[in-house]
**Student:** 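Shown below is the structure under consideration.
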Amino acid sequence: MRWGVITFPGSNDDAQTVYVLERLLGETVVRLWHKDTGVDGLDCVVLPGGFSYGDYLRCGAVARFSPIMRAVERFANEGGVVLGICNGFQILCEAGLLPGALIRNRELDFLCRRVHVRVEDADTIFTNRCRRGDVLDLPVKHGEGCYVADEATLRSLEAGRQIVLRYADAEGRVTPEANPNGSLGAIAGVRNARGNVFGLMPHPEHACEWIVGGEDGRKIFLSIIASASGAVDVSAAPTSSKVLSGP
């Protein structure tokens with residue numbers, strides 16, 4: 001499949017994302033600049049992590065006005081698959097392609113460490129290589145990763161099975177201690193109602209080789225590849241694992 005990876009001024013995880021897709025997974029990647037105006041011929045567009053435009057005003061608040069974002073919006077509205085990682089997640093929320101917002105972490109500090117996230121839904125383009133209840137070990141590195149939304153939006157996310165990942169402990173228990181940034185509902189990743197746009201604060205691209213501590217991040221990219229190839233019907237993905245606890 002053909003991937004597009006966008007570089008905004010201040011992106012710093014674009015190169016790692018390209019490395020994982022090209023070198024580790026053998027995929028075709030088209031590098032996109034924030035001033036580009038088209039994403040034709042691509043199967044998935046990735047908005048990587050970093051500090052777009054220095055994260056001035058709010059994280060992602062300037063990047064959402066980049067010319068490439070008009071193309072990303074059209075692509076998403078036509079059913080194209082879009083993945084936003086960390087700053088990419090923030091940009092997608094600022095652009096209105098995902099609900100909610102990311103604000104300063106609960107302790108107002110910058111986090112850079114590994115966390116566990118529980119897979120809440122495996123019937124998605126982005127998690128079909130997992131089972132519901134699986135626990136992924138992924139790194140986070142952000143200062144503004146606290147997910148917030150109003151009560152109506154949270155209820156809608158729950159009802160629509162749009163919460164894909166929650167912070168949890170290594171056993172899959174959702175606890176306050178396992179929530180690194182104070183996100184409401186311990187939310188670590190959400191998708192849109194249509195199911196083709198997904199954003200998450202943890203970094204799967206930094207967890208694709210054992211030499212860097214683990215390979216759980218591959219499951220996100222391999223899920224997208226499986227969906228694009230038609231190898232997986234997300235409506236029939238396995239859901240047998242037991243979910244231990246949750247809010």
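Residue numbers count from 1 along this sequence.
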**Student:** Show your reasoning for whether side chain to side chain contact (heavy atoms under 4.5 Å, CB included) applies to T124 and S223.
**Tutor:** CA-CA 8 Å; T124 80; S223 293; over 6 Å; no
**Student:** Quick check: is L57 connected to F8 through a chain of hydrophobic side chains (ILVMFWY, heavy atoms under 4.5 Å apart)?
**Tutor:** yes
**Student:** Does a side-chain heavy-atom distance below 4.5 Å link L165 with V190?
**Tutor:** no
**Student:** Write down the atom of G100, the atom of A149, and the distance for their closest heavy-atom approach.
**Tutor:** CA-CB, 4.1 Å
**Student:** Which atoms form the tightest heavy-atom contact between I125 and G195, and what is the distance?
**Tutor:**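 So the minimum-distance heavy-atom pair works out to CD1-O, 3.5 Å.
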**Student:** Is there a donor in the side chain of D14 and an acceptor in the side chain of T7, or the other way round, less than 3.5 Å apart?
**Tutor:**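 A pair is found: one side chain offers a donor N or O, the other an acceptor, under 3.5 Å apart.
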**Student:** Could you measure the distance from the OG atom of S227 to the CE atom of M1? Nearest 0.5 Å is fine.
**Tutor:**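 Spacing of OG (S227) from CE (M1) equals 8.5 Å.
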**Student:** Measure the CD-CD1 distance between E73 and I68 for me, rounded to the nearest 0.5 Å.
**Tutor:**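 Separation between the atoms: 12.5 Å.
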**Student:** With no hydrogens and no angle check, is any side-chain donor or acceptor of N192 less than 3.5 Å from a backbone partner on L98?
**Tutor:** no
**Student:** Is R218 reaching over with its side chain to a backbone N or O of E209, donor-acceptor style, under 3.5 angstrom?
**Tutor:** no
**Student:** Kindly indicate whether the side chain of E22, heavy atoms from C-beta on, has any atom under 4.5 Å from the side chain of E27.
**Tutor:** no
**Student:** Hey, which of E144, E107, R106, H142 is the one that makes side chain to side chain donor-acceptor pair (under 3.5 Å) with N181?
**Tutor:**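 Going through E144, E107, R106, H142 one by one, the side chain to side chain donor-acceptor pair (under 3.5 Å) with N181 is satisfied by H142 alone.
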**Student:** Using side-chain heavy atoms (C-beta onward) and a distance below 4.5 Å, is M69 in contact with I91?
**Tutor:** yes
**Student:** Once you round to the nearest 0.5 Å, how far does CG of L222 lie from CG of N128?
**Tutor:**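 Separation between the atoms: 9.5 Å.
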**Student:** Which pair of heavy atoms, one from A76 and one from V197, lies closest together, and at what distance?
**Tutor:** CB-CG2, 3.8 Å
**Student:** Quick one, M201 and Y147 - any side-chain contact, counting heavy atoms below 4.5 Å?
**Tutor:**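 No, every pair of side-chain atoms sits at 4.5 Å or beyond.
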**Student:** Looking at D123 and R132, is any side-chain nitrogen of the basic one under 4.0 Å from a carboxylate oxygen of the acidic one?
**Tutor:**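 Not counted as a salt bridge, because no side-chain N and carboxylate O are separated by less than 4.0 Å.
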**Student:** Compute whether any side-chain donor of one residue and acceptor of the other, for T153 and D150, lie under 3.5 angstrom apart.
**Tutor:** yes
**Student:** Any link between V135 and V119 through a network of hydrophobic side chains (Ile, Leu, Val, Met, Phe, Trp, Tyr) touching at under 4.5 Å?
**Tutor:** no
**Student:** Looking at CZ of R23 and CD of Q16, how far apart are the two atoms once the value is rounded to the nearest 0.5 Å?
**Tutor:**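 Going from the CZ atom of R23 to the CD atom of Q16 covers 11.0 Å.
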**Student:** What's the separation between atom CD1 in I85 and atom CD1 in I220, rounded to the nearest 0.5 Å?
**Tutor:** 9.0 Å
**Student:** Please name all residues satisfying ring pair (Phe, Tyr, Trp, His ring centres under 6.0 Å) with F198, sequence neighbours left out, ordered by chain then number.
**Tutor:** F126
**Student:** Going by atom types only, do Q90 and N87 share a side-chain donor-acceptor pair under 3.5 Å?
**Tutor:** yes
**Student:** Under 3.5 Å, which donor-acceptor pairs do the side chains of residues 34-47 form with other protein atoms, sequence neighbours left out?
**Tutor:**
from : atom 1 : to  : atom 2 : distance (Å)
H34  : ND1    : Y53 : OH     : 2.6
D36  : OD2    : W33 : N      : 2.8
D43  : OD2    : R2  : N      : 2.7

**Student:** Would you kindly say whether T127 and D121 are connected by a side-chain donor-acceptor distance under 3.5 Å?
**Tutor:**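 Note: T127 and D121 side chains miss the donor-acceptor criterion.
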**Student:** Carefully, step by step, assess Y167 and V174 under the rule side chain to side chain contact (heavy atoms under 4.5 Å, CB included).
**Tutor:** CA-CA 6 Å; Y167 297 108; V174 174; over 6 Å; no
**Student:** As a quick check of understanding, evaluate side chain to side chain contact (heavy atoms under 4.5 Å, CB included) for L83 and L200, giving each step before the final call.
**Tutor:** CA-CA 8 Å; L83 172 66; L200 73 167; 3.9 Å; yes
**Student:** Look only at the side chain of R166 and the backbone of V117, and say whether a donor-acceptor pair between them is shorter than 3.5 Å.
**Tutor:** no
**Student:** Under the side chain to side chain contact (heavy atoms under 4.5 Å, CB included) rule, what do S52 and V62 come out as? Steps first, then yes or no, please.
**Tutor:** CA-CA 8 Å; S52 58; V62 180; over 6 Å; no
**Student:** Answer yes if L92 and F51 sit in the same cluster of Ile, Leu, Val, Met, Phe, Trp and Tyr residues linked by side chain heavy atoms under 4.5 Å apart, and no otherwise.
**Tutor:** no
**Student:** So with a 6.0 Å cut-off around CG of L108, is the heavy-atom count from everything else above 12?
**Tutor:**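 Yes.
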**Student:** Can a donor-acceptor pair be found, under 3.5 Å and without considering hydrogens, that links the side chain of T175 to the backbone of A178?
**Tutor:** yes
**Student:** R31 and A15: which non-hydrogen atoms are nearest, and at how many Å?
**Tutor:**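 Result for this residue pair: NH2-N, 4.2 Å.
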**Student:** Side chains of V72 and V82: does their closest heavy-atom pair fall under 4.5 Å?
**Tutor:**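 With C-beta onward as the side chain, the pair touches.
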**Student:** Can you tell me how far the CZ atom of R129 sits from the CG atom of D134, to the nearest 0.5 Å?
**Tutor:**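 R129 CZ to D134 CG: 11.5 Å, rounded to 0.5 Å.
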**Student:** Taking it one step at a time, do R114 and D137 satisfy salt bridge (Lys or Arg N to Asp or Glu O under 4.0 Å)?
**Tutor:** CA-CA 7 Å; R114 303 191 74 86; D137 181 357; 3.0 Å; yes
**Student:** Contact between L32 and V5 at the side-chain level, heavy atoms closer than 4.5 Å - yes or no?
**Tutor:** no
**Student:** Indicate yes or no: at least one non-hydrogen side-chain atom of H203 is less than 4.5 angstrom from one of C86.
**Tutor:**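 When only atoms from C-beta onward are counted, C86 and H203 do touch, with a gap below 4.5 Å.
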**Student:** Can you name the nearest heavy-atom pair linking C130 to A122, along with the distance?
**Tutor:**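 Residues C130 and A122, closest heavy atoms: O-CB, 3.5 Å.
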**Student:** Provide the closest heavy-atom pair for G145 versus S183 in the form atom of the first, atom of the second, distance.
**Tutor:** O-OG, 3.2 Å
**Student:** Looking at F110, I want to see if its CZ is surrounded by more than 12 non-hydrogen atoms of other residues, nucleotides or ligands under 6.0 Å.
**Tutor:** yes
**Student:** Can you find a pair of side-chain heavy atoms, one from R113 and one from P180, that are under 4.5 Å apart?
**Tutor:** yes
**Student:** Is the backbone N or O of D13 less than 3.5 Å from a side-chain atom of T17, with the two atoms forming a donor-acceptor pair by type?
**Tutor:**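 Answer holds: yes.
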**Student:** Salt bridge check: are E94 and R58 linked by an N-O gap of less than 4.0 Å?
**Tutor:** yes
